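Given the structure is predicted, the values throughout are model-derived calculations rather than measurements. One is the number of the first residue; the rest follow in order along the sequence.
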Amino acid sequence: MSHPQNRRRFLTQVAQTGTFVGSLSLPALSALGPLQAADTAIAPDVVQFHPEIEALVRLIEETPRQELLEQMGRRVKSGLSYREVLAALFLAGIRNVQPRPSVGFKFHAVLVVNSAHIASQSGPDSDRWLPIFWALDEFKSSQARDVREGNWTMPALKDSAVPDAEHVRPAFQTAMDTWDEEKADGAAAGLARYVGATEVLEWFARYAARDFRSIGHKAIYVANAWRTLQTIGWHHAEPVLRSLAYALLNHNGEPNPAKNQLSPDEPWRQNQAQAAAIRPNWLSGKLDAKATTELLQVLRTESAEQSAAAVVGMVNAGVSPGSIFDALHVGAGELLMRQPGIVALHAVTSTNAIRFLFDATGDDQTRRLLMLQNASFLPLFREAMKGRGAVKDTTVETLTASAANESAADSLHGVFDAIRPNPDEAANRILSYLESGYSPQDLLTGARRLIFLKGTNAHDYKFSSAVLEDFYNVSPAWRNRFLATAAFNLRGSNDSDNGLVNRIQSAVG
């Protein structure tokens, strides 16, 4: 934006909420011709997409960054749908951005797509295109970085590398267990060809949190890729699943983890035995806020192994997995209170991804391991924070709600005015706002809108979409305090505008 949001304008825009309809209906521009068939011609050794989307992907790939938003805006005005833009953006990232040397960094252009989509679904009607067009611009930045780092492009796959339907499942499992990238590539393609979407999730969910490399991005990618495919269509699944398998097998140039006992894999080895010790009817436990408090204390002080063991003890004593995840969500948010920054942020976003996979998968063993791995990961995040500056000695219980002495609108503005100069105050204000019975939805909408206006990187979208979604995943006893921890990484009214809003609105308006 060329001017900062004043309080009245911001509140008015927050109130303009609506229902996502999948695309915007805007007048066509007859002067804009269709993409030509020649636009789809690419080298035979490069993966190709379905003909109906290939030309649009090529347009995104080949248009200079400074022209892309305007080019896409013209096509939106000519009838291009939201779903087509989302699909082409995601696939452009899949083909052009390598999830190496880590499933992060430049690969955030892919990881952020579902987060931008969630933001678009949930934001005000007037802002539907802002997150997706922001992500288009982010892709061009990542594409340029990938070129500088070697210009990787996903190769085409020979049909001879794909197992047949009878053997594809054991082939995929063996390749993943042995960390065999070449065989996993063909087997992943086979899953896309022969196995339904629900079973695909089961296969990838079991490896999503297998190791702590890339600080949770592997689980984030599995969850976000599956969710994006649910929106853009499973006929696009094959290259996406190949990219996923490649990302999950990233082990930072270390020796083959299947043949070596490496530290990022230690929780997985330990939790195989821990999972076997969980009682058969463990999902039938009761919510217990006291157990959540006890587990939070374990997460603050104990090791990865001890934290997982505490979870086993609690669920065997009849505690609901819901109370366990309350502690995991709140504990991740508390890490952000103690040290705002990239490590704690990923504790929050990886917990969001693991919780999604836990809720979405139906395999009992996978669910046990996801829960235990999440419990093990939080102490690892806690330890990783120690080398990145001061870590405050504070807990989520120290947040204080004051009595309501101002209107909902003034209270809401007080939250966003305080975030940047004083996140501690903003956290207390969020708690006060929610405890006063004011609308959580207005708070969530306002937070999203500030990301649209002032967000500058993929983590703004990844974090905000995760934490605002998880507000409703956390039980009522804890959700207000959980959301209050978001003040340490949300955008506030005093942040600078990101400079893209006017350009995007001009392109699609």
Q: Salt-bridge test for R503 and E70: reply yes if a basic N is under 4.0 Å from a carboxylate O, no otherwise.
A: yes
Q | Closest non-hydrogen atom pair, S307 against A375 | A | CB-O, 3.5 Å
Q: Would you mind checking if K462 and E138 are paired as a salt bridge, meaning a charged N to carboxylate O distance below 4.0 Å?
A: no
Q: On the 0 to 90° scale, with breaks at 30° and 60°, tag the F482-H329 ring pair as parallel, tilted or perpendicular.
A: perpendicular
Q | Note: R355-D470 ion pair, threshold 4.0 Å (strictly below) | A | no
Q: Compare every heavy atom of F204 with every heavy atom of A188, then report the nearest pair and how far apart it is.
A: CB-CZ, 4.3 Å
Q) Would a distance-only check, ignoring hydrogens and angles, find a side-chain to backbone donor-acceptor pair under 3.5 Å from D146 to V97? A) no
Q. Without hydrogens or angle criteria, can the side chains of R300 and Q297 be said to hold a donor-acceptor pair below 3.5 Å?
A. yes
**Q.** Minimum heavy-atom distance between W268 and A209, given as atom pair plus value
**A.** CE3-O, 4.1 Å
Q) Which atom names give the shortest non-hydrogen contact between G509 and K77, and what distance separates them? A) O-CE, 2.8 Å
Q) Hey, is the main chain of N250 close enough, under 3.5 Å, to the side chain of R213 for a donor-acceptor pair? A) no
Q | Face-on cation placement of R128 at Y82 ring, 6.0 Å and 45° thresholds | A | no
Q: Identify whether the distance between the nearest side-chain nitrogen and carboxylate oxygen of E84 and R75 falls below 4.0 Å.
A: no
Q | Cationic N near anionic O, under 4.0 Å, E406 to R429 | A | yes
Q: Provide the closest heavy-atom pair for A119 versus S465 in the form atom of the first, atom of the second, distance.
A: N-OG, 3.9 Å
Q.
Once you measure the plane-to-plane angle for H108 and H217, does it fall in the parallel (<30°), tilted (30-60°) or perpendicular (>60°) bin?
A. perpendicular
